[in-house]
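These notes are about the structure you will find just below.
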Amino acid sequence: QVQLVESGGGSVQPGGSLRLSCAVSGNTYGSTCLGWFRQAQGKEREGVASIRTLGGASPYYTDSVKGRFTISRDSAKNTVYLQLNSLAPEDTAMYYCAARKGRFASCTSLNFNDYDYWGQGTQVTVSS
C-alpha cells in the first residue's frame, strides 16, 4: 500500500504560480511511477505530469502544460512536487497525486486507469 497526501493548492490570479506537494509513504519501493492528475468540475480526470521515483526522473507532461508546469521529486523527503506557473482560468481543478503499483522502466502513462493509489486532492482556483 502507498499513501499520498497533497498540499499547496489555493486561489491565485491569472499568471500566478503555485507549488503543489505530494507526500508519499508506505511501500514506496513497490511504486516507481508517480503522476499528477486534475479534474475540473463536470470534466473527466486528466493526466498532467508523471515522474520516475528511482533512477533518472524522466519527467513527462501533457501538451497543455508543457513549459508552464514542472514535476520534480525529493527522494530524501519522499515528496513529489508540481510547480505551476503562468496559471490560467482553465487550470482550475482539483489536483490529485497518484502512484502506480509496480516497478516500471518508463513512466509516461497519463491514463488514470493505470494508477492504483490516490491522494485526496488539493484545489487550485485561478480567477481574477
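Fair warning: this is a prediction, and the values are worked out from it, not measured in the lab.
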Ring centers of Tyr96, Phe112 separated by less than 6.0 Å: no
From CG (Asp91) to OG (Ser64), nearest 0.5 Å: 7.5 Å
Tyr95 side chain to Arg38 side chain, donor-acceptor N/O pair below 3.5 angstrom: yes
Other residues, nucleotides, ligands: >12 heavy atoms within 6.0 Å of Gln41 CD: no
Nearest-0.5 Å distance, CG of residue Asn111 to OG of residue Ser50: 11.5 Å
Side chain to side chain donor-acceptor pair (under 3.5 Å) partners for Asp74, two or more places apart: none
Val24 and Leu34, any side-chain heavy atoms less than 4.5 Å apart: yes
Co-membership, hydrophobic cluster, residues Val2 and Phe104, 4.5 Å side-chain: no
From NZ (Lys77) to OG (Ser21), nearest 0.5 Å: 9.0 Å
pair Glu46-Leu110: side-chain heavy atoms closer than 4.5 Å: no
Spacing of CG belonging to Asn85 relative to OG1 belonging to Thr70, to within rounding of 0.5 Å: 6.5 Å
Minimum heavy-atom distance Ser128-Pro14, with the two atoms named: N-CD, 3.8 Å
Shortest non-hydrogen contact between Ala93 and Ala40, atoms and distance: CB-N, 3.7 Å
ILVMFWY network linking Leu84 to Val12, side-chain heavy atoms under 4.5 angstrom: yes
Within 6.0 angstrom of Gln1 CD, more than 12 heavy atoms from elsewhere: no
Path from Met94 to Trp118 over hydrophobic side-chain contacts below 4.5 Å: yes
Main-chain N/O of Arg52 paired with Ser58 side-chain donor or acceptor, under 3.5 Å: no
Residue pairs fulfilling ring pair (Phe, Tyr, Trp, His ring centres under 6.0 Å) with at least one residue in residues 56-81, sequence neighbours excluded: none
Thr122 and Ser7: CA distance, side-chain angles, deciding distance, side chain to side chain contact (heavy atoms under 4.5 Å, CB included) verdict: CA-CA 6 Å; Thr122 186; Ser7 61; 5.6 Å; no
Within one Ile-Leu-Val-Met-Phe-Trp-Tyr cluster: Leu18 and Ile51, side-chain cutoff 4.5 Å: yes
Polar side-chain atom of Glu6 near backbone of Leu20 as donor-acceptor pair, under 3.5 Å: no
Closest non-hydrogen atom pair, Cys22 against Trp36: CB-CZ2, 3.6 Å
Val80 side chain near Ile71 side chain, heavy-atom distance below 4.5 Å: yes
Audit row: Ser127, Gln13, side chain to side chain contact (heavy atoms under 4.5 Å, CB included) steps and yes/no: CA-CA 5 Å; Ser127 69; Gln13 293 186 339; over 6 Å; no
4.5 Å side-chain heavy-atom contact, Gln3 and Tyr117: no
Heavy-atom side-chain contact between Leu4 and Cys97 under 4.5 Å: yes
Spacing of Gln39 atom CD and Gln123 atom CD [to the nearest 0.5 Å]: 11.0 Å
N/O donor-acceptor pair under 3.5 Å between Arg100 side chain and Asp114 backbone: yes
